[in-house]
Structures are given as C-alpha cells and as structure tokens.
Amino acid sequence: MIIILKKDADKSQVENLKNWLAARNITPHVSEGAHETLIGCVGDVAKIDVGLVQQLSAVESVQRIQEPYKAANRKFHPDDTVVDCSGPKIGGGNFQVIAGPCSVESEEQMVGIAKAVKAAGATLLRGGAFKPRTSPYAFQGLGKKGLELLIEARKETGLPIVTELMAIEHLPLFNDVDVIQIGARNMQNFDLLREVGAQTKKPILLKRGMSATLQELLMSAEYIMASGNPNVMLCERGIRTFETATRNTIDLTVIPVLKRLSHLPVIIDPSHSTGSAKLVEPLAMGATAMGADGLIIEVHNNPPCALCDGAQSQTPEMFAETMKKIANIRPYAWERS
C-alpha cells in the first residue's frame, strides 16, 4: 500500500500517521520525490482501513500495490535509488564499472590487476575469496586469506572491493568489504538474504539465478529490503536456455523491464553471460547503450593460468580497449585522469 501525502502536510500529522502504522506492525518507508512525498507500507496491509487513512488531513490518496514485491517496486519509490559503494555511486544516472579476477589467487596478482583496471577507468574491484564451484574438486577460493588480499589491494589502489558471500557464518568476516555479492546459486537462499538485510546496511549486489524469472529476482531483493537493508543492486549474469553456443544466454531486456518495474540499479555481467572473453566487449557496449547502471567484468593478468574462469576473463589490455569503447557510448560518472 502507498500513501501519497499532500504537499502541505503537517510534519506532526505525518509522524502520527507513521506511528499509527507502526503500531499495527506496518513498516512505513517515506520517499520524498521531486513532485510528491509518499509513504510505502510494508507488512500485512490487508487489515488497514483504506477509507480511514484517506480521510486524514495529511493524506492526498491511497493506492494498493498489486505486485507481490513492495519495497523494490517503482510505485513504492518513484525516483531511482542511488547506492553509495564507499565513494562510487551506482544508479540515478551514475554509471560505474566493477572489474577484477574471478578468484583471488595471490597478493601480486590481486594488486597488479587492481592497478591495471583502475588505470583503465574501473572504480570498484571484484575478486572471489569464497568460490561456489560445480565440482567439489575445483578451486574453492582462499577464504579469509583471500579477503585479506582484497583489502591489501584496496590499500594500494583505493578501489572499493566487491566479493561474494556464500554462508551466514562468514558474514562477520565481511566487515571490511565494501559491497557484498550474493551469487546466482544463492539468489533464493532466503535465510542468507534475511541476514544480509538485517545484519548490515552494506550495498548488496544480487545476481539473478540461472533459471529465475524477473519477479523471482525482485522477490529475492524484497527479502533483503524487508529485513532492513535498502541498498540493493540487481545483476543480470545470463540465464540457462537451450542455446549451447555460449555458456549462458544474456538477457539484456532486463534493463528496460527492471527499470520500469523497480527503482533499484541494474548491473550487467557480460563475463559470466557467455563464458568467452572475446564476447565481453560487444555485450558490455550493448548493455551500456541500453542504459545499464554499471558493468561487472572479469579481468586476469594471465587467463590461461587462471584458477577459475580463465576463458571468460579479459586481459588488462583487452579491458582497457573495452573501457575506451564504453566511454564513447556513455560518459563516465567520474572524472578520468
């Protein structure tokens, strides 16, 4: 339910309304837009007397939201959400590129790649410390040591770090991480989503599951937001279809569709989408042209020797060329040296 307030609504009346809602186990979220101020109501609103609310002097009108996702709904929050990622901002016209290796392998590798992607224009550094792998025999990441190496790379470059959380018990280890990624395999790990919503306000990069609909993706975002963390970014990383020419099938239609349905930033991952470094550049350009709020691209200094996903990793030189072409499509939201 959305309560649209009158432009001259008295502040004390608005506070009384919020307290009245809270007393009925409804969480009120105030959104002050350019043209109107509204209160989004999260909870069991079926028992709320809409007629009673509409009669209040501070209220212009009341609307029911039909979609099952409320907090992630653009009707709930008409203006784009802007997520502050320890400096770089994503959404609301701010475009950023996250880059780095699939897995953290060593300090030399991590720091070297961090310096290279920063020089090319990336403003956030990615790297997996805990790795979800299909095979139990594949490299699973360095764990806590990997997080320490990411933090060291941040000290050397100033780039905020993005890395994946796989288990609730690891959350305390992520206190110094700037952006927490929830991977495709955990998109519907609802216990994990609740915890990152309740225990932290850090930005959450939520990846779409390989067989998930957009409504399922938005409902997963809803778990995080309803638990108390509004700083969610949606990431398309390719879905599983009948096609075998690429690793996954990238769904760029999510950009205009999600922007119509939701106010949350939309990030595109062209690396996991295809599994081929040669296809990353055209997909990154296409996503940029379609209005994505950011990209997350895998970069490795020696892809043939990478411990994870080397085939889809660009070299630093390839990444630099991709960034130049992206800049011709959409000027960066930061000043380039």
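The structure presented is a predicted model; accordingly, all values stated were derived computationally and were not measured.
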For residues [X] and [Y], report the shortest heavy-atom separation together with the two atoms involved.
X: Ile90; Y: Cys85; result: CD1-SG, 3.9 Å
X: Ala167; Y: Leu192; result: C-CD1, 4.0 Å
X: Val179; Y: Leu124; result: CG2-CD2, 4.1 Å
X: Pro101; Y: Ile113; result: CD-CG2, 3.9 Å
X: Ala72; Y: Glu222; result: N-OE1, 3.0 Å
X: Ser313; Y: Asp309; result: OG-O, 2.9 Å

Between atom [atom1] of [X] and atom [atom2] of [Y], what is the distance when rounded to the nearest 0.5 Å?
X: Glu164; Y: Cys102; atom1: CD; atom2: SG; answer: 9.0 Å
X: Ile26; Y: Ile39; atom1: CD1; atom2: CD1; answer: 12.0 Å
X: Ile255; Y: Thr253; atom1: CD1; atom2: OG1; answer: 8.5 Å
X: Arg330; Y: Asn328; atom1: CZ; atom2: CG; answer: 14.5 Å
X: Leu193; Y: Ile224; atom1: CG; atom2: CD1; answer: 5.0 Å
X: Leu173; Y: Leu147; atom1: CG; atom2: CG; answer: 6.5 Å

Looking at Glu108, I'd like to know if its CD atom is crowded, meaning that more than 12 non-hydrogen atoms belonging to other residues, nucleotides or ligands lie closer than 6.0 Å.
no
Can you tell me if Arg240 has over 12 outside heavy atoms packed within less than 6.0 Å of its CZ?
no
Distance-only side-chain donor-acceptor flag, Thr241 / Thr249, under 3.5 Å:
yes
Could you name each residue pair satisfying side chain to side chain donor-acceptor pair (under 3.5 Å) that touches residues 17-33, not counting sequence neighbours?
Glu15-Lys18
Can you tell me which residue pairs pass the side chain to side chain donor-acceptor pair (under 3.5 Å) test with a partner in residues 147-162, sequence neighbours excluded?
Arg154-Asp178
Taking only distance into account, with no hydrogens and no angle test, what donor-acceptor pairs under 3.5 Å do side-chain atoms of residues 53-61 form with protein atoms, sequence neighbours excluded?
{"unit_1": "Ser57", "atom_1": "OG", "unit_2": "Gln13", "atom_2": "OE1", "d": "3.4"}
{"unit_1": "Ser57", "atom_1": "OG", "unit_2": "Gln13", "atom_2": "NE2", "d": "2.8"}

Could you tell me whether Asp80 and Arg74 make a salt bridge, using a distance below 4.0 angstrom between a side-chain N and a carboxylate O?
yes
For the hydrophobic clusters of this structure (ILVMFWY residues joined by side-chain heavy atoms under 4.5 Å, transitively), does one cluster hold both Ile267 and Ile329?
no
Would Phe76 end up clustered with Leu218 when hydrophobic side chains under 4.5 Å apart are linked, directly or stepwise?
no
Quiz: residues 278-299 side-chain donor-acceptor pairs under 3.5 angstrom, not counting sequence neighbours:
{"unit_1": "Glu281", "atom_1": "OE1", "unit_2": "Thr322", "atom_2": "OG1", "d": "3.3"}
{"unit_1": "Glu281", "atom_1": "OE2", "unit_2": "Lys325", "atom_2": "NZ", "d": "2.7"}
{"unit_1": "Thr288", "atom_1": "OG1", "unit_2": "Ala284", "atom_2": "O", "d": "2.7"}
{"unit_1": "Asp293", "atom_1": "OD1", "unit_2": "Lys259", "atom_2": "NZ", "d": "3.2"}
{"unit_1": "Asp293", "atom_1": "OD2", "unit_2": "Lys259", "atom_2": "NZ", "d": "2.7"}
{"unit_1": "Asp293", "atom_1": "OD2", "unit_2": "Val266", "atom_2": "N", "d": "2.8"}
{"unit_1": "Glu298", "atom_1": "OE1", "unit_2": "Gln312", "atom_2": "NE2", "d": "3.0"}
{"unit_1": "Glu298", "atom_1": "OE2", "unit_2": "His272", "atom_2": "NE2", "d": "3.4"}
{"unit_1": "Glu298", "atom_1": "OE2", "unit_2": "Gln312", "atom_2": "NE2", "d": "3.4"}

Under the salt bridge (charged side-chain N to carboxylate O under 4.0 Å, His left out) rule, what pairs show up with a residue in residues 313-323, not counting sequence neighbours?
Glu321-Lys324
Enumerate the ring pair (Phe, Tyr, Trp, His ring centres under 6.0 Å) contacts for residues 211-233, please, sequence neighbours excluded, ordered by first and then second residue.
Phe190-Tyr223
Could you point out which residue of Val162, Ile98, Val83, Leu264 forms a side chain to side chain contact (heavy atoms under 4.5 Å, CB included) with Met233?
Val83
Kindly give the cluster partners of Ile239, where membership spreads through any ILVMFWY side chain lying under 4.5 Å from a current member.
none
List the atom pairs, donor and acceptor, that lie under 3.5 Å between side-chain atoms in residues 195-208 and the rest of the protein, sequence neighbours left out.
{"unit_1": "Glu195", "atom_1": "OE1", "unit_2": "Gln199", "atom_2": "NE2", "d": "2.2"}
{"unit_1": "Thr200", "atom_1": "OG1", "unit_2": "Lys202", "atom_2": "N", "d": "3.0"}
{"unit_1": "Lys201", "atom_1": "NZ", "unit_2": "Gly228", "atom_2": "O", "d": "3.2"}
{"unit_1": "Lys202", "atom_1": "NZ", "unit_2": "Asn175", "atom_2": "O", "d": "2.9"}
{"unit_1": "Lys202", "atom_1": "NZ", "unit_2": "Val177", "atom_2": "O", "d": "2.7"}
{"unit_1": "Lys207", "atom_1": "NZ", "unit_2": "Asp269", "atom_2": "OD2", "d": "2.6"}
{"unit_1": "Arg208", "atom_1": "NE", "unit_2": "Ala212", "atom_2": "O", "d": "2.8"}
{"unit_1": "Arg208", "atom_1": "NH1", "unit_2": "Glu236", "atom_2": "OE1", "d": "2.9"}
{"unit_1": "Arg208", "atom_1": "NH1", "unit_2": "Asp251", "atom_2": "OD2", "d": "3.1"}
{"unit_1": "Arg208", "atom_1": "NH2", "unit_2": "Ala212", "atom_2": "O", "d": "3.0"}

Residues that Tyr69 engages under ring-ring contact (aromatic ring centres under 6.0 Å, His included), provided they are two or more places apart
none
Going by side chain to side chain contact (heavy atoms under 4.5 Å, CB included), name the residues that satisfy it together with Ser103, two or more places apart in sequence or in a different chain.
Lys131, Phe139, Cys308
Those residues at least two apart in sequence (or on a different chain) that pass side chain to side chain contact (heavy atoms under 4.5 Å, CB included) with Asp84 are Lys89
Which is it for Glu105 and His300 under the side chain to side chain donor-acceptor pair (under 3.5 Å) test, yes or no, and what are the steps along the way?
CA-CA 10 Å; Glu105 298 172 9; His300 196 283; 3.1 Å; yes
Of all residues at least two apart in sequence or in a different chain, which pass the salt bridge (charged side-chain N to carboxylate O under 4.0 Å, His left out) check with Lys75?
Glu67
